[in-house]
2 protein chains.
Amino acid sequence: MSQGRPHHLEGRSSIKDIAQAAGVSHSTVSRALHDSALISHATRERVKAMAAEMGYIPNAVARSLQAQRSGTVGLVLTSLTDPFFADVMAGVDESAGKAGLSMFVAASHNEPEREMEIIETFHRRRVDGIIVAASRLTSRYHDRLARIRVPIVLVNQHAEDSPGFHAVAFDEKAGAHLAVRHLVTLGHRRIGYLGLGNRQRSNALRLEGYQDALAEAALSLDPAWARVIAETEIGTQDDTDVGERAMPALLEGGVTAVFCYNDRVAVGALLACRGLGAEVPRQVSLVGFDDLELARWLSPPLTTVQQPRLAMGSAAVGVMLDLLEGQEGRDVLLSPVLVRRASTAPPSA
Amino acid sequence: MSQGRPHHLEGRSSIKDIAQAAGVSHSTVSRALHDSALISHATRERVKAMAAEMGYIPNAVARSLQAQRSGTVGLVLTSLTDPFFADVMAGVDESAGKAGLSMFVAASHNEPEREMEIIETFHRRRVDGIIVAASRLTSRYHDRLARIRVPIVLVNQHAEDSPGFHAVAFDEKAGAHLAVRHLVTLGHRRIGYLGLGNRQRSNALRLEGYQDALAEAALSLDPAWARVIAETEIGTQDDTDVGERAMPALLEGGVTAVFCYNDRVAVGALLACRGLGAEVPRQVSLVGFDDLELARWLSPPLTTVQQPRLAMGSAAVGVMLDLLEGQEGRDVLLSPVLVRRASTAPPSA
DNA sequence: ACACTTTGTGCACACGTGTGCAGAGATCGA
DNA sequence: TCGATCTCTGCACACGTGTGCACAAAGTGT
């Protein structure tokens with residue numbers, strides 16, 4: 001009967017097949033397998049036994065069609081190999097799994113057009129919701145985006161950029177505050193900030209957190225200690241280079257500790273210290289931001305602010321599920337965590 | 001009309017809606033949208049215009065049901081955060097994307113039961129094929145596995161373990177050969193091997209590659225230089241510890257270069273060299289295996305054998321597509337690549 | 001013995017798409 | 001002008017599942 005059919009499709013049985021074998025209608029089979037009270041005990045058992053014998057496996061595609069709900073989430077990432085997104089994905093996987101959802105994943109490689117295509121593909125597949133990490137969609141895509149009739153949750157991006165969507169982000173200001181307070185607690189009094197002018201909003205928030213923490217400790221706020229490298233000055237240099245070039249001026253200013261915009265800047269700062277013979281953490285303490293993989297492998301291992309990446313993924317699923325239940329969407333702001341390693345210590349003096 | 005319906009479901013139009021609006025049957029719409037030659041030019045354009053106006057988005061779920069083909073792949077990984085699997089996933093994503101397939105991903109966390117459940121879930125979703133990386137399924141699952149009527153391709157595991165499935169692996173022996181030939185080319189004559197007895201098959205293959213390369217160069221094969229640490233001796237030590245403990249004996253044996261079973265063993269060997277004041281690579285050259293993230297961050301950065309991880313993912317999709325077209329399945333053995341970094345140099349003598 | 005309730009089952013439709021086949025209408029040839 | 005051919009469209013069914021409703025058979029009460 002299954003002549004000419006590829007081998008792997010042979011013998012897939014449907015409730016109709018079971019119905020025929022058990023001498024009942026397919027409706028009865030459907031109800032029996034769902035333990036409906038409408039079906040007599042005897043029939044139910046007979047049907048179930050037959051289903052097991054025939055190796056019946058329900059067809060989720062057909063179910064999705066009839067239920068108008070696929071039980072899937074689509075996850076759009078810019079890169080599949082970046083540890084940051086990997087953690088977000090793990091968070092989504094965990095929470096989605098618990099909710100009985102399967103997860104589609106695709107990478108946009110930072111190309112807006114590709115990202116839009118992925119979202120549209122997910123929409124065609126009728127995923128129940130879409131989670132986008134680090135979206136690059138500009139207002140150019142507003143119209144195409146407006147056609148998507150599926151809840152979209154943004155991760156690691158602020159919702160005000162894209163009205164109508166909900167976002168899960170983490171509290172950058174609180175993270176900076178955490179880092180600087182750590183330095184204060186260690187006893188530092190002359191604390192610098194090494195910022196990047198080309199990350200406008202982020203930098204402003206982290207600078208603010210730095211200033212707040214200092215003010216809270218009633219420490220002086222020497223403007224020379226808060227060095228934000230201007231975008232024009234940065235040019236095409238990578239973050240590490242910027243850190244390495246900017247650090248010496250801070251050291252000359254007499255700081256005993258520096259909070260860096262991110263881990264790569266901190267690596268540059270570390271290299272500069274080595275070059276100048278300033279020992280870390282004995283003479284200078286350094287704190288990074290992001291907790292990249294490399295922070296652990298540096299010598300000394302870098303104290304840094306970690307984004308709750310896994311939690312961001314989980315939270316995104318949570319928001320999505322709320323939206324699916326018809327509840328109001330909400331924005332989530334998660335608190336960062338300080339990872340204490342060996343690049344910070346009390347000041348030597 | 002859509003009263004009480006969740007907001008995000010409003011206004012999803014089907015070909016039936018378009019048909020009604022355009023005054024034709026749904027069959028005509030379906031054909032028009034597929035540019036069927038059966039439909040007149042005028043009707044086709046009219047239908048297409050109407051579809052665009054109504055923001056029609058085809059329902060892939062319904063298509064899957066009718067076509068008996070979902071256009072999806074399921075990928076099972078033991079961990080979503082491990083860089084190795086991330087690369088495999090990226091390879092699958094790329095090749096699947098090109099073939100118009102969407103990718104499901106889920107993590108098994110090394111639990112066989114969870115892995116089996118994921119496979120069964122993918123089966124229910126009627127994925128066209130399943131790719132499993134580093135499967136932990138034992139023969140206990142043979143029966144449940146036999147029920148899966150979907151092609152399964154194993155990555156990073158040898159097919160002989162699980163008859164009936166196809167596998168994509170990489171050539172470990174060739175990798176070892178590559179590493180050792182590199183050392184020979186640099187001028188080394190006394191080359192050691194530091195192996196792990198608890199990875200039976202892998203170790204045997206790498207040892208074999210080592211021996212072949214030496215034989216090929218007509219170099220002597222001092223048994224004292226090939227140290228395979230016995231499983232009993234290893235106990236619960238991690239790979240790095242084993243490398244650190246075993247290295248001194250090799251150095252005493254007078255080797256100028258060591259090929260290590262993997263990167264972690266090489267890290268241990270490096271630590272041992274530091275402890276004994278043997279400079280790497282000036283006095284001793286070290287080669288690792290796997291190309292873990294850390295290999296890049298070591299000082300000196302580690303020369304190592306890289307598995308073609310991305311290519312493994314792509315190849316797995318290729319095998320799967322062949323299987324779908326009814327072709328014979330095939331096993332693929334990929335060639336590794338040597339990544340030259342700074343832990344190898346010509347011998348000092 | 002008859003009406004009424006309870007229990008169990010099947011019919012028929014829905015979900016959205018694709019397609020074999022029949023047939024209506026137009027065009028063509030003689 | 002009439003039959004034959006061609007062009008286009010719709011009917012009806014399929015894919016696999018779930019469910020409202022009708023209805024048959026059995027049980028209950030008077």
Side-chain angles (χ1 to χ4, degrees), chain A residues 1-2 5-6 9-48 50-51 54-71 123-128 149, chain B residues 1-2 5 9 11-48 50-51 54-71 123-128 149:
Chain A
M1 55 170 196
S2 58
R5 229 200 208 158
L9 285 180
E10 275 173 30
R12 269 192 194 162
S13 43
S14 68
I15 56 170
K16 202 192 279 182
D17 299 328
I18 299 173
Q20 196 163 6
V24 295
S25 74
H26 82 275
S27 330
T28 301
V29 174
S30 174
R31 292 194 175 101
L33 295 179
H34 285 72
D35 287 323
S36 161
L38 284 177
I39 303 298
S40 71
H41 185 75
T43 310
R44 185 185 323 179
E45 293 309 311
R46 188 159 48 93
V47 167
K48 282 190 173 180
M50 186 59 78
M54 296 176 71
Y56 169 70
I57 285 152
N59 185 329
V61 174
R63 270 193 194 164
S64 301
L65 180 60
Q66 113 77 27
Q68 294 290 80
R69 196 168 181 293
S70 63
H123 190 192
R124 274 200 305 278
R125 294 209 177 275
R126 295 297 189 266
V127 296
D128 293 332
R149 321 303 281 195
Chain B
M1 56 168 198
S2 57
R5 229 200 209 160
L9 285 180
R12 268 192 194 162
S13 43
S14 68
I15 55 171
K16 202 191 278 182
D17 300 327
I18 300 172
Q20 194 165 6
V24 294
S25 74
H26 82 276
S27 328
T28 300
V29 175
S30 174
R31 292 195 176 102
L33 294 179
H34 285 74
D35 288 322
S36 160
L38 284 177
I39 303 298
S40 72
H41 186 75
T43 310
R44 186 186 323 182
E45 293 309 311
R46 189 160 47 92
V47 167
K48 281 190 174 181
M50 185 59 78
M54 297 177 70
Y56 170 69
I57 284 153
N59 185 328
V61 174
R63 271 192 194 164
S64 301
L65 180 59
Q66 114 79 24
Q68 294 291 79
R69 194 167 183 294
S70 64
H123 190 194
R124 274 199 305 276
R125 295 210 177 272
R126 295 298 190 264
V127 297
D128 294 333
R149 322 302 282 197

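Computation of the quantities below employed the complete heavy-atom set of this structure, encompassing side-chain atoms and omitting hydrogens, waters and symmetry-equivalent molecules. Keep in mind the model is a prediction, meaning the values are calculated, not measured. Residue numbering restarts at 1 for every chain, and letters A, B, ... go by the order of the sequence lines.
- The shortest non-hydrogen separation linking Val61(A) to Ser64(B) is CG1-CB, 3.8 Å.
- Note on Ser64(B): nothing from the nucleic acid sits closer than 4.0 angstrom, heavy atoms only.
- One atom, CG of Asp35(B), and another, C1' of dG18(C), lie 15 Å apart when rounded to the nearest Å.
- Contact of Ser27(B) with dT19(C) (side chain to base): a donor-acceptor pair of N or O atoms is detected under 3.5 Å.
- Checking the phosphate oxygens (OP1, OP2) of dT9(C), no side-chain nitrogen or oxygen of Thr28(A) falls inside 4.0 Å.
- For His26(B), the side-chain atoms get nearest to dG18(C) when compared with the rest of dG18(C), dG8(C), dC15(C).
- Between Ser25(B) and dT9(D) there is no side-chain polar atom (N or O) within less than 4.0 angstrom of OP1 or OP2.
- Contact between the side-chain N/O atoms of Gln68(A) and the OP1/OP2 oxygens of dG16(C) is found at a separation under 4.0 Å.
- The shortest distance between side-chain heavy atoms of Arg12(A) and Arg126(B) falls below 4.5 Å.
- Atom C1' of nucleotide dG23(C) and atom CG of Leu38(B) are separated by 14 Å, given to the nearest angstrom.
- Residue His41(A) contributes atom NE2, which lies 19 Å from atom C1' of dT6(C) at whole-angstrom precision.
- Distance, Asp17(A) CG to dG16(D) P: 8 Å, rounded to whole Å.
- Counting any heavy atom pair closer than 4.0 Å across all strands shown, Val61(B) reaches no nucleic acid atom.
- Taking the side chain as every heavy atom from C-beta outward, Arg31(B) and Thr43(B) never approach each other to under 4.5 Å.
- Two residues are said to be in side-chain contact when any heavy atoms from C-beta on lie closer than 4.5 Å; His41(A) and Arg46(A) fail this criterion.
- Residues Met50(A) and Met54(A) form a side-chain contact, since some pair of their non-hydrogen atoms from C-beta on lies under 4.5 Å apart.
- Within the nucleic acid shown, His34(A) comes within 4.0 Å of sugar-phosphate atoms alone, with no base atom in reach, counting heavy atoms only.
- Side-chain contact of Ser30(B) with Ser27(B): a donor-acceptor pair under 3.5 Å is absent, judged by distance alone.
- Rounding to whole angstrom units, NE2 of residue His123(A) and P of dG16(C) are separated by 12 Å.
- Side-chain N/O atoms of Arg63(B) include none lying less than 4.0 angstrom from OP1 or OP2 on dG16(C).
- A close approach under 4.0 Å does not occur between any side-chain nitrogen or oxygen of Lys16(B) and OP1 or OP2 of dA14(C).
- OP1 or OP2 of dT9(D) has at least one side-chain nitrogen or oxygen of Ser40(B) nearer than 4.0 Å.
- Out of dG10(D), dT17(C), dC8(D), the shortest distance to the side chain of Ile15(B) is found at dT17(C).
- Protein atom CZ of Arg69(A) is 19 Å distant from nucleotide atom C1' of dG16(C), rounded to whole Å.
- For the pair Ile18(A) CD1 and dG16(D) C1', the interatomic distance rounds to 11 Å; values are reported in whole Å.
- Comparing dG18(D), dG16(C), dG10(D) against the side chain of Arg31(B) picks out dG10(D) as the nearest.
- If you take CD of Gln66(A) and P of dT17(D), they are 11 Å apart, rounded to a whole angstrom.
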